[in-house]
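Naming convention: chains lettered A, B, ... in sequence-line order (proteins, then strands); numbering from 1 in each chain.
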Amino acid sequence: MELNGAQILVQSLKDEGVEYIFGYPGGAVLHIYDAIFQQDDVKHILVRHEQGATHAADAYARATGKTGVVLVTSGPGATNAVTGIATAYMDSIPMVVISGQVPSPVIGSDAFQEVDMVGISRPCVKHNFLVKDVTKLAETIKKAFYVASTGRPGPVVVDVPKDITDPNIKVPYKYPRKVIMRSYNPAVEGHKGQIKKAVELLLSAQRPMIYSGGGVILGEASRELIELTRTLGYPITNTLMGLGAYPATDKQFIGMLGMHGTYEANMGMHESDVILAVGARFDDRVTGKLAEFCPYAKIIHIDVDPASISKTVKVDIPIVGQVKPVLTQMIEQVKESKKQPSKKALAAWWEQIDKWRSVQCLEYDRESSLIKPQYVIEQLYEVTKGDAYITSDVGQHQMYAAQYYHFDKPRRWINSGGLGTMGFGLPAAIGVKLAFPEADVACVTGEASIQMCIQELSTALQYKTPVKIINLNNRYMGMVRQWQEFSYQSRYSHSYMDTLPDFVKLAEAYGHVGMLVENKADLRSALEEAFAMKDRTVFLDIITDRTENVYPMIESGKGHHDMKLRVAPGTPTDRELA
Amino acid sequence: MRHIISILIENEAGALSRVAGLFSARGYNIESLTVAPTEDSSLSRMTLVTRGNDDIIEQITKQLNKLVDVVKLIDLAESAHIERELMMVKVKTSEATRAEIKRIADIFRGRIIDVTPTTFVIEMTGTSDKLDAFVKSIDETTIIEVVRSGATGICRGEKGLHL
Ligand SMILES: Cc1cc2nc3c(=O)[nH]c(=O)nc-3n(C[C@H](O)[C@H](O)[C@H](O)COP(=O)(O)OP(=O)(O)OC[C@H]3O[C@@H](n4cnc5c(N)ncnc54)[C@H](O)[C@@H]3O)c2cc1C
Ligand SMILES: Cc1ncc(C[n+]2csc(CCOP(=O)(O)OP(=O)(O)O)c2C)c(N)n1
Ligand SMILES: [Mg+2]
């Protein structure tokens with residue numbers, strides 16, 4: 001079959017099984033858009049800003065496990081995509097970004113809409129390619145998908161000069177079934193000896209803790225994680241990125257750990273003697289002060305990326321490999337082993353954990369006449385029966401969603417953890433809804449974040465992706481304000497806006513339903529009404545208590561055992577005093 | 001500690017910038033870096049001299065290995081190896097100083113490869129330490145320029161870095 005470069009590109013995507021491309025046209029990609037026009041297999045979603053395309057494709061990948069695909073033009077199209085590429089990179093999300101480039105002969109001449117996309121994207125991609133020869137185009141696309149989706153996943157940029165997609169130059173086309181790259185061989189199985197040592201250590205623990213992260217979701221190993229955890233009977237905590245890999249409603253789950261993790265999870269980590277870290281990367285939001293991190297623990301770390309191991313925290317038993325096969329082997333060995341966890345030690349450990357739990361660190365003032373943000377998430381959880389896909393922006397609302405929406409399944413919690421990109425939530429919700437049209441999809445956001453990609457409301461109308469936007473409107477950049485309250489004597493420097501738009505009218509202007517919720521009493525019915533409108537995008541502008549803070553908190557420079565609680569253990573609440 | 005890391009990398013455009021970019025982005029230092037194609041034209045060999053404690057060197061080698069274009073690498077400091085660097089030094093000469101400069105160059109097994117009435121160019125190879133020592137041993141005010149290739153190295157014996 002002879003095809004031109006533009007056709008090869010589109011046909012390659014089709015052969016790769018791509019369902020959606022998220023993109024935005026421009027001069028350098030016009031040949032490609034013409035090829036897209038002439039087929040129906042790969043559907044193109046026209047966003048309103050290239051950042052939106054990257055977040056939508058990224059969230060599509062997070063929700064489905066498939067690789068997200070983005071198409072942008074050269075120059076400004078490419079630079080607009082960079083924030084979304086970096087977002088995917090930090091959270092190890094498989095994504096292929098095709099960027100148009102000026103024609104090969106003029107590269108380097110400051111041609112119209114030329115930027116060095118390979119150079120600009122280099123520090124925030126897993127890999128990138130500049131296509132120099134149309135006969136190598138199909139193979140390059142195959143390599144891009146292969147690299148993006150295997151090992152530790154990540155975004156890959158393919159920069160395609162315009163002459164490569166010239167409609168008049170036809171070459172034979174065959175999409176490779178497989179590629180081999182001698183320089184790229186990601187680990188799969190873990191080292192047997194290491195796994196054996198790990199199991200022995202795990203079974204000898206007195207105060208064990210399982211700390212699992214996004215790698216379990218990326219590696220589709222939720223089932224194995226659950227089986228191992230239940231078999232052992234050990235407590236488990238998840239990172240922000242790992243939520244849902246272990247059911248949050250299970251009694252062995254002790255909540256998220258880290259800066260806004262639970263008291264029991266962080267105290268448990270601090271006091272633990274053996275930690276099993278699975279697909280988690282010891283991020284600074286998780287560890288707090290490194291010098292005080294887990295002082296009594298021996299640490300086992302399973303990670304597919306050797307560079308994640310002993311990067312910030314030295315570990316005792318590293319296991320390089322995919323979580324799934326490694327956990328499977330561990331389960332077998334635990335079941336076969338004569339040695340079993342000490343029942344007595346474990347009972348004492350659970351007793352201690354239950355004491356920490358009884359502090360009830362996530363309690364808040366339920367009697368308040370104002371709408372508390374935590375209350376909104378709890379109501380959202382009930383109305384959606386805990387079974388929605390929740391995307392989020394960045395700020396306090398993100399933490400409330402993580403703390404109060406109890407994710408029982410992987411891939412339901414879609415948020416930007418590593419880069420913390422405001423503007424992620426709405427385009428992400430659209431990407432998820434396209435993947436799962438029948439599912440409830442809600443975007444939990446704040447009045448500042450939502451304005452960063454608000455233009456995608458227009459995309460939501462065009463492609464009929466009826467998502468629900470839960471705007472926790474506290475009239476502040478709450479997360480910034482909280483830090484200013486704690487660390488800058490409440491000098492709220494530029495953390496609020498005086499002129500918020502009328503979000504209800506804004507939603508209506510975009511052709512959607514807008515609802516303002518100012519009274520606590522109206523919240524439940526408003527949520528029910530919104531989710532009952534199956535075919536409409538609904539923007540719920542919910543006026544929440546503007547002074548509320550996220551607790552508990554490990555302030556920067558402190559350790560796990562040094563948490564700031566809403567109410568110090570044993571102190572009576574304001575209400576009890578009154 | 002000083003480490004010489006030898007890297008086999010796909011001979012693709014941008015390979016050098018991936019390595020250099022990694023070092024600047026992660027704040028690792030590069031003392032010297034040399035690159036050239038190998039007998040297999042699809043591969044380049046890079047030799048990189050860096051300093052750091054064991055933890056840093058471990059991260060450097062892991063991060064380098066993680067670059068998709070890197071095929072293989074070896075930390076030469078981990079085993080017996082030979083290190084060489086090429087240097088050319090241009091010095092001002094006069095009737096009075098010529099003999100002395102030649103004598104010192106001979107001691108260091110340097111060769112004079114260009115001569116004008118007022119200058120010498122001395123070529124020398126050796127370990128970086130030896131080249132440093134030579135530069136220190138000649139009168140600083142006579143030096144016009146010093147050009148060094150940066151260190152390269154190879155393992156002793158049968159051990160080696162190849163596909
Ligand atoms: C406002 C804000 C507050 C935050 N507060 C917190 C907080 O309180 N607590 C918290 O936990 N986080 C918090 N974060 C998120 C934090 O910044 C990090 O993104 C997060 O902790 C990283 O999660 P992770 O360790 O699970 O790693 P991920 O980023 O999910 O990385 C996954 C790891 O698993 C590995 N991996 C991937 N696939 C596989 C596989 N198949 N097999 C084996 N290994 C694999 C990868 O190599 C990597 O090391 C916050 C973020 C924001 C924006
Ligand atoms: C693109 C971007 N710019 C700045 C920040 C820093 N930042 C983190 S949270 C936050 C405030 C978010 O405010 P809002 O969306 O209203 O959420 P809230 O915290 O009030 O719930 C800011 C500015 C960021 N994370 N992303
Ligand atoms: Mg806000």
Side-chain angles (χ1 to χ4, degrees), chain A residues 86 89 92 101 104 107-108 116-133 136 140 143-144 146-148 150-159 161 179-187 281-282 290 303-315 318 320, chain B residues 3 5-30 33 35 37-46 48 50 52-75 78 160-163:
Chain A
Y89 179 69
S92 309
Q101 183 53 279
S104 313
I107 287 181
D116 172 13
M117 186 54 175
V118 167
I120 287 177
S121 64
R122 198 195 60 235
C124 58
V125 292
K126 181 167 173 188
H127 195 55
N128 56 25
F129 297 94
L130 173 66
V131 182
K132 290 181 173 162
D133 178 353
K136 300 256 171 68
T140 307
K143 280 185 183 170
Y146 171 56
V147 171
T150 52
R152 179 178 185 169
V156 174
V157 165
V158 183
D159 205 28
V179 280
I180 294 171
M181 295 167 74
R182 61 180 173 186
S183 62
Y184 176 72
N185 300 293
R281 59 184 173 83
F282 296 85
L290 280 173
D303 204 296
V304 73
D305 178 5
S308 276
I309 290 175
S310 293
K311 181 168 67 176
T312 55
V313 171
K314 266 248 176 276
V315 302
V320 177
Chain B
H3 288 253
I5 299 172
S6 203
I7 307 164
L8 274 184
I9 189 166
E10 295 289 353
N11 189 6
E12 298 276 350
L16 177 61
S17 69
R18 289 184 207 280
V19 172
L22 172 73
F23 274 69
S24 64
R26 295 194 180 263
Y28 308 139
N29 81 44
I30 301 184
L33 176 62
V35 203
T38 62
E39 76 283 6
D40 172 351
S41 65
S42 69
L43 286 173
S44 288
R45 177 125 175 186
M46 251 180 222
L48 200 149
T50 184
N53 62 32
D54 290 353
D55 292 346
I56 292 174
I57 299 297
E58 184 181 328
Q59 262 301 309
I60 289 177
T61 54
K62 283 175 169 177
Q63 293 292 347
L64 282 169
N65 264 316
K66 196 169 151 178
L67 293 176
V68 168
D69 278 342
V70 168
V71 183
K72 254 185 181 176
L73 62 80
I74 188 169
D75 180 352
E78 280 180 355
L161 180 65
H162 44 74
L163 285 186

Answer yes or no: is there a side-chain heavy-atom contact under 4.5 Å between A/Arg182 and B/Glu10? yes

Does A/Arg281 form a salt bridge (charged side-chain N to carboxylate O under 4.0 Å, His left out) with A/Asp303? I'd like the steps, not just the answer. CA-CA 8 Å; A/Arg281 59 184 173 83; A/Asp303 204 296; over 6 Å; no

For chain B, which candidate among A/Leu130, A/Asn185, A/Asn128, A/Val118 shows the most heavy-atom pairs at distances under 4.5 Å? A/Asn128

Should the heavy atoms of other residues, nucleotides or ligands under 6.0 Å from CG of B/Asp54 be counted, would the total exceed 12? no

Go through the atoms of [X] and report whether side chain, backbone, both or neither lie under 4.5 Å from a heavy atom of chain A.
X        : result
B/Leu163 : side chain
B/Ser24  : neither
B/Val68  : both
B/Glu58  : side chain

Would you call B/Asp55 and A/Lys311 a salt bridge, using N to O less than 4.0 angstrom? no

Verify the distance criterion only: is there a donor paired with an acceptor across the side chains of B/Arg45 and B/Thr38 at less than 3.5 Å? no

